[in-house]
Amino acid sequence: MRYSEMFLPTGREVPSDAELISHQLMIRAGLMRKLTSGVYSYLPLGYRVIRKFEQIVREEMNRAGAQELFLPMVQPAELWQESGRWVHYGKELLRFRDRHDRECCLGPTHEEVITDLVRNEIKSYRQLPRNLYQIQTKFRDEIRPRFGVMRCREFGMKDAYSFDMDEAGSEISYRKMFDAYQRIFTRCGLNFRPVEADSGSIGGKYSHEFMVMADSGEDAICYCGACNYAANLDKAEISRPAENGPACVTPPIEEVNTPGVRTIDEVCGFLGVVPEAVVKTLIFSADGTPVAVLIRGDQEVNEIKVKNFLGCDLLELADDAMIRKVTGSPRGFAGAVGIKARIIADYSLLVMADCVMGANREDFHLLHVKPGRDFLIADHADLRVVRESDPCPRCGAEIRFARGIEVGHVFKLGTKYSKAMRAAYLDREGHERTMVMGCYGIGIGRTVAAAVEQNHDADGIIWPLPLAPYPVIITPVNVNEKALFSAAEDLYNALEANGMEVILDDRDERAGVKFKDADLIGIPYRVTVGPRRLAEGKMEIKTRRSGEVIALPVSEVAAFLKDLVLRT
RNA sequence: CGGGGCGUAGCGCAGCCCGGUAGCGCGCCUGCUUUGGGAGCAGGAUGUCGAGUGUUCAAAUCACUCCGCCCCGACCA
């Protein structure tokens, strides 16, 4: 393509509303433009990158035995009512009514539609397993879109759904997708890591997220330096302590006056104790029922773990009214002794035998409280947020923290949707059985943004070759020098004849301008056609990533480039 | 939704406190010179100052309302 004919608006100014470097560069390099909050247009150059990535995704999905289809974006409310998500999905689901006043929504994901399709068409074990996928636009009315295409409302996603006869089959399907994802992100040249994850509102048994490592990533992950354990911080497990508490003699409970002392810090300062000796009592509302969660004073409750442990739909910190109801006191003095709520405790309580906690009485705390003696704990569980000092739950080695961008997620759904929507088949014996499902997503635009986040320098984007919109740009230094320009054109024609995607920067601009633009848009190889080298019968090839320059005889350039580009 | 910030030319911004003339840099158009890392000179075009209402002889500037965008918290590919 001739640059002069391209729709490629580049800019030298950093857009004022872009925070992340990938967002800034994607705007400056003319890859995309914002239409409205969380909604973006891809320009020709950006769309090329998108299509490159989609092609890699397609190839690997097909290789893994999945089949591509295309599902509707507009979906009827009935399906969502059937799965139960019409109520549970919340405001992210964009709902509207058509002219007949029928309730509809824009698909934020497609479990309902695919399950409906499959249950209508697949009736026999002979037709299983199946894995169906699509690359489609999703709409999620995000609370707060940000970071450009990284977290937007309308976005492209590859979503795949597997249907198996049983759990064992589903495990195999899951593994295939896991492996396909490894290949996809490896082919893109990304530094990534699969981590164990919480399955969130999509539901299901367990899942892995694929994280592109980036300090700017929204997700915190931890991983083990010794074994291959890695998990989202929300999910990271903490082992149950080995010992069952110190065998000390705990003095009887003592109630002390602590006027206005509410927080752990204040309690420690007032009573002269360390946070490790204090028990924090948090009152949660689990689907409206109060639950007291106990944890050591220096530690933090992981609400996702609490939610999963309780199996509730909505978990939030209790309001003042509920706190007063179960503790008989205002916020800040809750404790386990005499509380009118179910008590669950983090494992950290197992080894506490003489602790400080709220007295459920305004301006009072208790000393020398012993769990088991002074109150009963219904359940102990892993309920806290991991810390860097925690050992790896698998091998006990040191754990490390990092940040990442979630570009893919694989879920084992079990029978959550197939049961609710009655997706069943007849087995060999003629018995009706429920299909076992899995679902597998990849954020298309987000992966591209993550690639930019991970591959750029002060001059702009550095595309990994497999994602590059064009692998090569030819830059004649002066288009007004006939011999020079026609040498550039000859090379351009030769490469195009070879089926290569190449830009000829035929603009009547100064060389510096063209170099800056070529760097900004991140083309991996730039051929500079200038008078000095051409006088020697040579052209220069500059590698964007390394900055390395080599000069080759004009006659060898085309073959050399073809080799470079096809080698990968 | 709660908290904070911003809206003036295609982009980045100044002007607003203290009301009276809309400005700078980049980009864009024309011409000449220039041509290996964002050229120089000369000339030129471009604005319902986010929208509405009010105060005033007079509003980008003051007041109120609304809208949009961005950032910090609860969601997820």
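Sequence lines set the chain letters: A, B, ... in the order given, protein chains first and strands last, and positions in each chain run from 1.
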Across the strands shown, which category fits A:E316 at heavy-atom distances under 4.0 angstrom: base, sugar-phosphate, nothing?
nothing
If the P atom of B:G15 is compared with that of B:G20, how far apart are they to the nearest Å?
14 Å
Integer angstrom distance from the C1' of B:G12 to that of B:U55
34 Å
Any donor-acceptor pair under 3.5 Å between the side chain of A:R146 and the base of B:C71?
no
Distance-only donor-acceptor test (3.5 Å): side chain A:K542, base B:G36
no
Single hit among A:L491, A:I474, A:V472 for side-chain contact (heavy atoms from CB on, under 4.5 Å) with A:V557:
A:L491
Provide, to the nearest angstrom, the distance between the CZ atom belonging to A:R507 and the C1' atom belonging to B:G27.
13 Å
Sticking with atom C1', work out how far B:G50 lies from B:C70, rounded to a whole angstrom.
15 Å
Choosing from B:A77, B:G36, B:G12, which nucleotide comes nearest the side chain of A:F515?
B:G36
Looking only at atom P, what distance separates B:G47 and B:A42, rounded to whole Å?
25 Å
Which nucleotide in B:A74, B:C76, B:U35 has an atom nearest any side-chain atom of A:R144
B:A74
For a quick check, tell me whether the side chain of A:E13 and the base of B:G25 share a donor-acceptor pair closer than 3.5 Å.
yes
What is the nucleic acid contact for A:G408, judged by heavy atoms within less than 4.0 Å: base, sugar-phosphate only, or nothing?
sugar-phosphate
Tell me if the centroids of the rings in A:H208 and A:F178 come within less than 6.0 Å of each other.
yes
Please work out if A:P531 contacts a base, only the sugar-phosphate, or nothing of the nucleic acid, heavy-atom cut-off 4.0 Å.
base
Establish, for the pair A:R193 and A:Y223, whether the NZ or CZ atom is under 6.0 angstrom from the six-membered ring centre and no further than 45 degrees off its axis.
yes
What's the closest nucleotide to the side chain of A:S16 if the choices are B:C71, B:G36, B:C13?
B:C13
Selected nucleotide, minimal atom distance to A:D517 side chain, candidates B:A77, B:G68, B:G38
B:G38
Expressed as a whole number of angstroms, how long is the span from A:L484:CG to B:U35:C1'?
11 Å
Looking only at side-chain atoms of A:E19, point me to the closest of B:U34, B:C69, B:C71.
B:C71
Would you indicate what A:T36 reaches in the nucleic acid, counting non-hydrogen atoms under 4.0 angstrom: base, sugar-phosphate, or nothing?
sugar-phosphate
Side-chain donor or acceptor of A:D519 under 3.5 Å from a matching atom on the base of B:G37?
yes
Distance in angstrom units between A:Y40 OH and B:A77 P, rounded
20 Å
Checking all strands, does A:V14 fall into the base, sugar-phosphate, or nothing category for heavy-atom contacts under 4.0 angstrom?
sugar-phosphate
Identify whether any heavy atom of A:D459 sits under 4.0 Å from a base atom; if not, whether one sits that close to sugar-phosphate; answer base, sugar-phosphate or nothing.
nothing
Describe the nucleic acid contact of A:R526 in one word from base, sugar-phosphate, nothing, applying a heavy-atom distance below 4.0 Å.
base
Would you mind pulling out the nucleotide paired to B:A39, Watson-Crick or G-U wobble, both distances under 3.5 Å?
B:U33
Just how far, in rounded Å, is P of B:A77 from CG of A:N232?
11 Å
From B:A39, B:C72, B:A77, pick the nucleotide closest to the side chain of A:V513?
B:A39
Report the residue (A:V549 or A:G443) whose heavy-atom-nearest nucleotide on RNA chain B is the more 5′ of the two.
A:V549
Regarding the side chain of A:D508, the nearest nucleotide among B:G12, B:C76, B:U35 is B:U35
Over how many whole Å does the gap from A:E54 atom CD to B:A77 atom P extend?
18 Å
Heavy atoms from C-beta onward define the side chain here; which of B:G38, B:A74, B:G36 lies closest to that of A:K516?
B:G38
Pairwise P distance for B:A14 and B:C1, with rounding to whole Å:
29 Å
Is the shortest side-chain N/O distance from A:K514 to OP1 or OP2 of B:U35 below 4.0 Å?
no
Check: B:C71 base within 3.5 Å donor-acceptor of A:D17 side chain:
no
Sugar-phosphate, base or nothing in reach of A:R28, heavy atoms under 4.0 Å:
base
Taking the nucleotide of RNA chain B with the nearest heavy atom to each, does A:L534 or A:G441 sit closer to the 5' end?
A:L534
Regarding A:V407, tell me which of base, sugar-phosphate or nothing describes its non-hydrogen contacts under 4.0 Å with the strands shown.
sugar-phosphate
Pair A:R175, A:S173: side-chain N/O donor-acceptor within cut-off below 3.5 Å:
no
Within the pair A:R510 and B:A39, is there a side-chain N or O less than 4.0 Å away from OP1 or OP2?
yes
Rounded C1' spacing from B:G19 to B:A59 in Å
6 Å
Could you give the CD-to-P distance, from A:E111 to B:C76, as a whole number of Å?
12 Å
Between the NZ atom in A:K138 and the NE2 atom in A:H110, the distance rounded to the nearest 0.5 Å is 4.0 Å
Closest heavy-atom pair, A:V477 versus A:F515, reported as atoms and distance to 0.1 Å, is CG2-CZ, 4.3 Å
For B:G27, give its Watson-Crick or G-U wobble partner with both distances under 3.5 Å, or none.
none
Write down the distance separating the C1' atoms in B:A9 and B:G44, rounded off to the nearest Å.
15 Å
Option among A:W86, A:Y89, A:Y417 that satisfies the ring pair (Phe, Tyr, Trp, His ring centres under 6.0 Å) test with A:W80:
A:Y89
Measure from CG on A:D457 to C1' on B:G37 and round the result to the nearest Å.
14 Å
Lys NZ or Arg CZ of A:R48 over A:Y470 ring: under 6.0 Å, within 45°:
yes
With no hydrogens and no angle check, just 3.5 Å: does a side-chain donor-acceptor pair link A:S83 and A:E112?
yes
B:G36 P sits how many Å from A:E509 CD, rounded?
13 Å
Which value, in whole Å, describes the distance between the P atoms of nucleotides B:G31 and B:C13?
33 Å
Need one value for A:K158: base, sugar-phosphate or nothing, where a base atom within 4.0 Å counts as base even if backbone is also close, heavy atoms only.
nothing
Can you tell me if the side-chain N/O atoms of A:S37 get under 4.0 Å from OP1 or OP2 in B:C70?
yes
What is the pairing partner of B:U55, taking Watson-Crick or G-U wobble pairs with both distances under 3.5 Å in any strand?
none
